[in-house]
Structure formats: structure tokens, C-alpha cells
Amino acid sequence: MFNVPALVKRLVIGRAMRSEELGGTLLPKRLALPIFASDPLSSVAYATQEILLVLTLGGLAYLHFTPWIAGAVVALMTVVVLSYRQVVYAYPSGGGSYEVASTNLGPSAGLVVAASLLVDYVMTVAVSVASGVDNIISALPALNDYRVLLAVGFVALLTAMNLRGVRESGHAFAAPTYLFIGGVLIMVITGLIRYALGDAPVAETAAYGIAPQKSDAHLAGLALVMLVLRAFSSGCTALTGVEAISNGVPAFRKPKSKNAAATLVAMGGIAIAMFVGVTTLALISKVHVTDDACRLTGLDGDCGSYTQRTVIAQVAAAVFGGEHSVGFFFIQAATALVLILAANTAFNGFPMLASILAKDRYLPHQLHNRGDRLAFSNGILALAVVAAALLWGFKASVTSLIHLYILGVFTSFTLSQLGMVRHWNQELATEHDPVVRRRHHSTRAINALGACVTGLVLVIVLVTKFTEGAWLAVLAATVLWLMMRGIRRHYDATSAELAVEDPHAELASPSRVLAIVLVSRLHKPTMRALAYARASHPDRLEALTVSVDRDEVAALRESWDEYDIDVPLKVIDSPYREVTRPVVEYVRAIRRDSPRDIVAVFIPEYVVGHWWENLLHNQSALWLKSRLLFTPGVMVTSVPWQLTSSAHANHPARRAPGSVRRGEPQRPRAGADRSRGTGHG
């Protein structure tokens, strides 16, 4: 008999891997790049658009600020990449910004970084998938009505791929990422060659004007500064995901730090080249894009039914000869695919960081456990559920989601660079070699510059985006920070309470052991429970039943005497027909009278072969167990009785190796969808 869920799981996820195979999952640089850098590489598909969307709030008058803003974003990315290169070498264990801040600035600062990054990883999935769906709709507008369904479906697909393991997902995602890089670079080179030859590409919206959002199109002073700063903060979405490589150093092949640093530099160089190229072509082809199509002037027809193409789609159409060209569809397909796959950066970063936090007892221990394919499966599933909920709640709208984005990543940037400055100060305090000291001074200068610049950007992002939705990200990070501190307090209190103080006293035997067998009627499960209880050699043994129906109790006494059972039968009267409360009160009364005695309660239970059979049996034993577990000095023992239906379940030996793991709930045996009914009551 096949276990259908287990079969589907094996088809989707693959065979379970042994712990010894973990080394085979380590990544070479060619696979690490698409896995950890797909987010910053794909951000070029919408970073330019976000700059233009803000600048066109004032019409077309302020588009001349675009090159300066793009230049500032490039400079910032350069500084951040160089700064994180130092992190990769100094902290190769995979904690990244969290470890740097925790070690050098204290646990509270580390938790601020962790909370910010966890929120940002969720936003990475939501924004990347929503943006990918946008590009699909740019090529196929008829799919606009299915936007949310497509987005949630892509999240499910990414989840399944990542559950198969880091290396396997890397093989699946490498080709689309490299095709996107190659396609964008070819588009940029082609467009620039056409411009140099006097045949500049022209966007489909070049002839349209844009009406300012407000009647007064003239901005000056503080209003103009705020507009430019807001455009800059939106363009900084190009930096999202840069820190993922520093969090994923343990996933690289040896030498880990060297390979991670090389991948980080390659990612930075490629991302800058593509971002500059797309922005340049957008200006050359005069792409005009706005947050509301009805602000486009010169538009024929109903503006409400007009679907604006993304900036990269308009550039591709202009460069390759229209919306029906092969180049246009290639860029759209590659862009949509890589934007969706860009969420994979978060699917690797979030579970890794959550695992480290779980190890440090700031998150549930289950997030530190690896699944069948040696991936952090619980973290992957948690990320997928929250991201899908966001996409559903915000209707997969990039414009709505983008305001919640990038705040967290710049918080981690700033605190990690401050932590690195302190790290180098500590190193310099003990280092006397002049050559090494000079090297430390230069790296400290890089990190100090990174801290200043990213701190400034953090303030800009907070000021310009707070009222537009960024407050939700701040609130989420604050709640997460408080929750993690609460979890740590719980684990610390539990450890302190469970610590062995006096081994000899802890091992001292109880004065007496009183065994109680719960009985509803006299049948085989009851006889087995009595036998097991007797085999434990208690100081006193008795059977206990609750009198709900006097005729049933009378029949039970008659059977008890007929079979001459030498165990005394205790009957508790229950005038209100309750079962659980009288038993619990009776056991607690024994504990009050003899606090040094141990009470062992034996409960007969049915084992059935089908889940629906549980519905046909009373579950009073489950309630009894749940109540008795809160009574000190009481041990509860389940005595199973296998019904005939349980024999049809698959043999337990067929269970996949490693299907039960430390810290995870025990799963049913393969093919044996076993649920426990109760033989009591």
C-alpha cells in the first residue's frame, strides 16, 4: 500500500540525504553567484524605474537629476561591496551583519540587525516576485487579472526548488541568471552602438508628456531636495541582497572566505555595469514612466485601460526594434525569470540567518534543523508563508510593496560597518607589526566610510519613505526584535530551571510509587494496561473508573469479580458526568497527602490505521493526559493496543532514513498514517 503524501514528497523534494553528504552540497563560485547574488543583479530591472517614478512626480522637468542620482547609487554600492568584503574575511562563520554587530556592539544591536534583515528578506521575496510578474504582464497584458495567483504560484515553486537543497536549486537557477546578465549586457552594448552611430533608440513613451502630480510643477529649496533624496532612496533598491554573500560564506567551497569575496566583487561589478547601462539607455531613448497612466499627456484612448510597460521592457523594445522582436521577448522572459528567481537570495539568506538565531536561542530550535535535503526546511517554509501572505494582502503590487523595502537592509549595513570599525580598533590595540597595522588602518577607513554613507542613506530612506508605508517595516522589525528577546528569556529561564544542582538529590528514589490504571470497561486493552502496570512493580496498584452511568459501573464490578482480578477497583462518583476533572482531582489529592510519592497513571489507547477511525472513538484519554502533565510528581504512560486496521499500514522499516530529527516533531512512519484513538472511556 503506497503512502501517497510520502510519494509526492519524494517526487517534489527528492531522496533524503545523509548528514555525511553535506560536504557535497558546497558551492563553487559559478553556482554561488546566481544563488546569493541574483537579488542585487536583478534589481537593475527596476532600480532605474523607481528613480524615474519619483522624479516624474514633478513632470519631466527634473529628469536631468537622473544621472547624478544613479552615480550616487553606484558610489554607494562600491563602498558597500568593499565594506562587506572585509566582513567576509573577518567573520567567515556565516553570521554576516548579525555576527559583526553582536560581537562588537552587543546582543541588542545584533538583534536589531537580525530583525531588520529577516523583514527585508521577506520583502525581497515579495518585491522580486511581484516585479517578475509585472514583466510577464508587460509582455502578455491579458494576464493582468491573474497577477496575485501568478505571484503566489511562483512563491510555491521557489519553495519546492529550495527544499531540494542549495546545490540543486543553484543548478536550476544558474542558467536564467546568466542569460539575464548576458541579455542585458548585449542590449546595453547594442543600444550604445546605435546611439554612437546616430541611430538612437526611441522608447514608445518618448512622445508622451507627464503632468506634474500637483498643479504647481515648480519645486525649489527644501521641496526639491526632498524629491531628489526620495528618488535616491528609491534607487537604492539596487543594493538589496548585497549582504547575502556574507551570510552564506559556510555554503562556499574552500577556501570559503576567498571564494565568497571573489563572488562579492564579481556581483558588484556586474550589477554596476548593468545598472549604469539600463539607466543610460532609459535616458537616451527618453523613457517616460509614471505612477498613474492618466498623468501621461498625449495618450490616445482611455488612460484607465492603458498598461504601462516597465522601463527595461521599453528599453528592450526600443533597442531591438519593437515589442514583437525576438530581442524584446528574450529580455522580458529573462527579466521576469530572474526577478522571480531573485527571491532565491532570500530563500538562502533567511533560513541561514534564522538557523544561526535559533542556535543562539533567539528563535525556535526547529529553525536550526536541516531537512531531508540538508536545507533549513523550516526556515524556507516560514519565509514562503509570510511572503505569500504579503503578496496576497498587497495584491502583488510593486508600487505598494516597494515602500516597505530596503529600510531593513540599510539598518544592517550601518550597524555592521560600525561593528567592523570597532573590530579593527580592537585588532589595532594588540597588533604591533607595521605592515599589518597599515592594512588594518586602510580597511578600517573603508568600513568607517561605509558606516557614514549607509547611515546617511538610512536616515534619508526613513524620512522619505516612513509615511508611505515604511512604518510597517519598522513596526514589523520592532515586534520581531521584542519576540526574539522574549524567546531568549524563555530558553534561558528553562535552562536555569532544568539545570542539575545536586546530582545525588536528583537521583534519590521516591518514597513510594502508586500505579493507577484508568478503566472504562473490562476488555483486552484494560488487561494489557493492568499487566504492564504490574510489571513495573509499584508499591501499590489500583484500577480507577469514573461512575457516569450506574448500570455500566455495576456491569464493570460484576465482570471484575467474575474474572477474579486481584487489583482493587476504585470508583469515583461523577454527578455531572465529567470524566477528566474527577480523575485529575483524585490524583492531585494523592499528591497532596503524600508529596514524596510518585503517581504513575497507565492509560489504555487504541492504535488505528486510518485517521478517520479516530473520529469513531472517544478522545477522553487525550484530555486526561494534557491535564495530568501539569501535575508535579505524576507520570503518564500510554499502553497501546493495535486494532486490526493498523496491521494494514506499511511496515515501519520502510521509513526513510533520517525522517525523525532532533528538534522536529516525529513524523508518522512511511505509509503508516497512524493516529491514536483511546481505549479509555
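Only this structure's heavy atoms are used, side chains among them; waters, hydrogens and symmetry mates stay out. Quick note: residue numbers are just sequence positions, from 1.
- The shortest non-hydrogen separation linking A396 to R147 is O-CD, 3.6 Å.
- Of all the heavy atoms in N104 and Y91, the pair that sits closest is ND2-OH, 2.9 Å.
- Shortest non-hydrogen contact noted between A238 and M77 is O-CE, 3.1 Å.
- M267 is listed as a side-chain neighbour of P40, based on a closest heavy-atom distance under 4.5 Å.
- Here the side chains of L390 and M123 are in contact, with some heavy-atom distance below 4.5 Å.
- Side chains of S108 and R485 form a contact here, defined as non-hydrogen atoms less than 4.5 Å apart.
- Annotation: side chain of R444 is not in contact with side chain of N447 (no heavy-atom distance under 4.5 Å).
- Contact check for V73 versus L239: side-chain heavy atoms found under the 4.5 Å cut-off.
- Between F350 and Y121, the ring planes lie perpendicular to each other; the angle is over 60°, past the 30° to 60° tilted range.
- Shown here for A346 and V125, the closest heavy-atom pair between the two residues is CB-CG2, 3.6 Å.
- By the neighbour-count criterion of 12 heavy atoms within 6.0 Å, atom OH of Y89 is densely surrounded, having more than that number from other residues, nucleotides or ligands.
- I446 and S83 make their closest contact through O-OG, 3.6 Å (heavy atoms, listed as atom of the first residue, atom of the second, distance).
- Between the side chains of Y84 and S97, at least one donor N or O lies within less than 3.5 Å of an accepting N or O.
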